[in-house]
Amino acid sequence: MDAYLDDYTAVGVIILAGIVLAAGMLGVNRLMRPRVAAREKQLTYESGVDPVGAGWAQSTVRYYVYAFLYVIFAVDAVFLFPWAVVLEDIGRAAAVEMGIFIGILVVGLAYAWRKGVLSWT
Amino acid sequence: MPDVVDVVLRCVLVLAVFMVLPLVIGQMEHKAMAHMQSRVGPMAAGGFHGWAQLLADGVKFVQKESITPVAADRRVFELAPAVALAPYLVALLAIPLGPFFGQGNLIGQDLDLGLFFVLAAMSVGVLGTLMGGLGSGNKYSYIGGMRVAAQLMSYELPMVLAAASVAMAAGTLSLVGIAQQWEPWWLITQLPGLIVFFVAGLAELQRPPFDAPLADAELVMGPLTEYGGMRFAMFLLAEYAGILVLSALTTVLFLGGWAGPFSDHIGWLWTLVKVMAVAFLVIWARVAYPRLREDQVNSLAWKVLVPVALAQITLTTVLVVA
Amino acid sequence: MSMFGKGLLQGLKVTFKNLTRRSVTAHYPDVQPDLPPRSRGVIALQEENCTSCMLCARECPSWCITIDSHKETIPATTEGGRDRSQNVLDTFDIDYSLCMYCSICIEVCPFDALHWSPEFAYAEGDIVDLTHDMNRLREWMWTVPAPQALDPGAEPSKELAAYEAAAEESE
């Protein structure tokens with residue numbers, strides 16, 4: 001167990017380095033930047049005119065379809081990776097099984113395509 | 001107990017590469033894009049053909065005022081650039097540079113799960129742009145954020161599938177292992193995968209021609225509208241770091257990494273040359289192609305790239321098993 | 001596939017060709033620009049010719065010329081002759097922050113007192129310095145190019161003939 005996680009000390013160090021880097025960049029900025037307070041600066045940008053309404057807007061529900069399809073195929077991909085690594089050792093039967101698995105998902109994608117949810121964003 | 005000094009030294013080297021190479025790629029973009037448009041690009045900064053332009057930009061950005069709009073969600077808004085930038089540094093850890101004068105591979109850390117790890121780290125970077133978009137309290141940013149989310153999710157998939165195809169052919173997820181298993185005829189059998197991976201990677205980074213969410217003419221700057229000063233610079237640096245990671249991944253996965261004459265000694269140089277060549281392709285694609293419309297972006301992902309990636313996986317399965 | 005992706009490859013080809021060619025950028029200020037002859041840069045004043053007729057100030061669409069003068073009498077040169085009166089310029093300012101380089105003042109001047117000079121590098125830090133006074137305008141005269149040569153076989157101009165005749169007489 002120790003030997004396996006040894007590799008990940010480097011990951012821990014680099015994540016720390018990333019945090020330090022980002023904090024450093026923002027910190028240097030904070031030290032060097034001017035600070036002139038003005039009400040106009042704090043307003044939301046709306047092409048130069050005074051902003052109207054709240055900072056969010058109702059958006060169409062079409063984007064959720066992509067999230068949905070993505071989740072399905074992402075789960076597929078998570079199963080795909082370990083299988084891909086050991087494929088050569090376990091032979092054809094495993095290939096056929098994974099083919100069936102992907103096939104079922106492709107049927108889902110084809111259905112979505114036929115239903116027209118993939119068109120117009 | 002691993003050699004802590006060794007680990008820290010490698011991480012410092014990775015950090016150095018992370019700070020230098022994206023600037024080189026950025027300068028290459030300035031100059032290559034300029035000459036492709038019959039002009040010269042930056043000439044003044046640093047004296048010789050403007051080599052220090054990006055450093056001057058960095059100095060400029062450091063001293064700019066950072067404004068947080070009143071309507072923005074303060075913590076989310078301020079953390080978004082860091083969340084966009086740091087994952088690329090983490091991803092760079094596992095990407096190998098190649099043999100260094102017979103001394104073994106130059107790499108931050110050779111993880112067994114290398115490929116999986118790098119793809120996962122790149123996906124976290126997406127969160128940064130999303131946080132910026134939805135946390136700005138600005139309608140433009142909000143719509144931009146929605147579009148970014150749809151685009152990045154849609155293109156995550158072909159990228160992962162194309163990478164899985166290579167992992168299948170090599171029989172390992174370790175990036176060093178994949179580069180060592182590489183055969184020149186993979187250039188042909190994995191060609192659809194290469195194209196899918198490269199195009200999907202371009203879209204992941206929101207590089208033109210896939211920069212509809214950031215389109216100047218349409219959405220001001222999309223999720224980046226309210227940002228200025230160092231935070232904006234961090235988003236831009238994240239874009240160039242992303243180009244570096246994408247080019248490095250493409251090189252290691254599909255182009256054989258350090259394959260080439262005398263690779264035992266100057267393998268690292270071959271990798272760098274190939275990475276710069278792929279980065280040049282990224283810049284070339286920016287100059288040559290008009291922007292894709294938002295619906296074209298999504299339909300390209302789901303109707304073209306995903307089927308081609310799945311076909312590539314089928315092809316590789318047949319080749320591996322048969 | 002070639003028919004399908006032809007446009008994509010064409011785009012790449014065109015941009016690459018442009019990459020290999022020389023850029024068209026002019027590297028000013030390291031290299032001075034190659035201006036056509038008689039380019040309009042700045043207006044020069046030859047005050048010896050000016051009689052303060054005010055035509056240029058009147059015709060200027062931007063009202064950028066300011067002229068002030070006074071009369072001086074020149075006593076008669078011959079017995080019983082009339083005293084001549086001559087206009088002497090006190091002020092002749094051209095405000096280049098207003099001037100639109102339309103050439104109307106130069107065209108209407110009946111005495112050829114105003115000329116075009118190709119000098120263009122007279123930018124200032126203060127807008128007040130953009131108003132050139134009489135002396136500065138006279139200085140620009142040294143940069144005015146020589147007048148165009150007459151066509152071969154053309155008659156010399158009357159003024160030149162009169163000048164040469166007077167020069168011969170005085171010798």
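First the proteins, then the strands, lettered A, B, ... as listed; each starts at 1. FYI, side chains are in, hydrogens and waters are out, and symmetry mates aren't considered; it's all heavy atoms of this structure. Note that the coordinates shown come from a computational prediction; the quantities given were computed from them, not determined experimentally.
For B:S154, the part lying near chain A is the side chain, with the backbone staying farther off; criterion is any non-hydrogen pair under 4.5 Å. Residue A:V106 touches chain B through its side chain alone, counting heavy-atom pairs closer than 4.5 Å. Heavy atoms of A:A67 lying under 4.5 Å from chain B belong to its backbone as well as its side chain. Residue B:Y88: no heavy atom, backbone or side chain, is found under 4.5 Å from chain A. Looking at B:L300, there are no atoms closer than 4.5 Å to chain A (heavy atoms on both sides), in backbone or side chain. Proximity to chain A (any heavy atom under 4.5 Å) is shown, for B:L173, by both the backbone and the side chain. In this structure, no portion of B:L319 lies under 4.5 Å from any heavy atom of chain A. For chain B, the nearby part of A:L109 is the side chain; its heavy atoms alone come within less than 4.5 Å. Interface remark: B:V297 contributes no atoms to any contact with chain A (heavy atom separation under 4.5 Å). With a 4.5 angstrom heavy-atom cutoff, A:I15 touches chain B via backbone and side-chain atoms both. B:M234 touches chain A through its side chain: at least one heavy atom from C-beta onward sits under 4.5 Å away, while N, CA, C and O do not. Heavy-atom distances place both the backbone and the side chain of B:K303 under 4.5 Å from chain A. In this structure, chain A has no heavy atom under 4.5 Å from any part of B:L92. For B:T68, the part sitting under 4.5 Å from any heavy atom of chain A is the backbone (N, CA, C, O) and nothing else. Proximity to chain A (any heavy atom under 4.5 Å) is restricted, for B:V14, to the side chain, taken from C-beta onward. Heavy atoms closer than 4.5 Å to chain A are found in the side chain of B:L93, but not in its backbone. There is no contact between B:D6 and chain A, counting heavy-atom distances below 4.5 Å.
Around CZ of A:F79, the count of heavy atoms belonging to other residues, nucleotides or ligands within 6.0 Å does not exceed 12.
Counting only heavy atoms from C-beta outward, the side chains of A:Y70 and A:V65 never approach each other to under 4.5 Å. Residues A:T9 and B:Q109 are not in side-chain contact: their nearest non-hydrogen atoms beyond the backbone lie 4.5 Å or more apart. The shortest side-chain heavy-atom distance between B:Q151 and B:R147 does not fall under the 4.5 Å cut-off. Residues B:L305 and B:M159 have side chains not in contact (no heavy-atom distance under 4.5 Å, counting atoms from C-beta outward). Between B:R231 and B:E78, the closest side-chain pair of non-hydrogen atoms falls below 4.5 Å. Using a 4.5 Å heavy-atom threshold, the side chains of A:M98 and A:L80 count as touching. A 4.5 Å side-chain heavy-atom check between B:L237 and B:F232 finds every atom pair outside the cut-off.
With respect to chain A, the highest number of heavy-atom pairs below 4.5 Å among B:F117, B:F61, B:F18 belongs to B:F117. If you tally non-hydrogen atom pairs under 4.5 Å between each of A:L69, A:V71, A:V86 and chain B, the highest count goes to A:L69. Listed options B:V70, B:I313, B:L115 were ranked by heavy-atom pairs under 4.5 angstrom with chain A; first place goes to B:V70. Here B:A164 is the residue among B:A167, B:A164, B:P307, B:A149 with the most heavy-atom pairs under 4.5 Å with chain A. Per-residue heavy-atom pair counts under 4.5 Å with chain A were compared for B:C11, B:A86, B:S299, and the maximum is reached by B:C11. Highest contact tally toward chain B, considering only A:L16, A:V36, A:V28, A:I102, is held by A:V36 [criterion: heavy-atom pairs under 4.5 Å]. Looking only at heavy-atom pairs under 4.5 Å with chain A, the residue among B:L111, B:L134, B:L85, B:L161 that has the most is B:L111. Contact count versus chain A (heavy atoms, under 4.5 Å) is highest, among B:V83, B:D110, B:L157, for B:L157.
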From CA spacing to verdict: side-chain hydrogen bond (donor to acceptor under 3.5 Å, both in side chains), B:Q181, B:T172: CA-CA 9 Å; B:Q181 292 285 329; B:T172 171; over 6 Å; no

A:Y8 and B:L113: CA distance, side-chain angles, deciding distance, side-chain contact (heavy atoms from CB on, under 4.5 Å) verdict: CA-CA 11 Å; A:Y8 288 84; B:L113 277 185; 3.5 Å; yes

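With no hydrogens or angles considered, no side-chain donor-acceptor pair links B:S174 and B:D112 at under 3.5 Å. Donor-acceptor pairing under 3.5 Å is recorded for the side chains of B:S165 and B:Q190.
Judged by distance alone, the side chain of B:Q296 and the main-chain N or O of B:R293 form a donor-acceptor pair under 3.5 Å. Side-chain N or O atoms of B:E65 include none that pairs as donor or acceptor with a backbone N or O of A:R35 at under 3.5 Å.
In this pair, B:Y227 and B:F77 present their aromatic rings parallel. The plane angle is below 30°, not in the 30 to 60° band.
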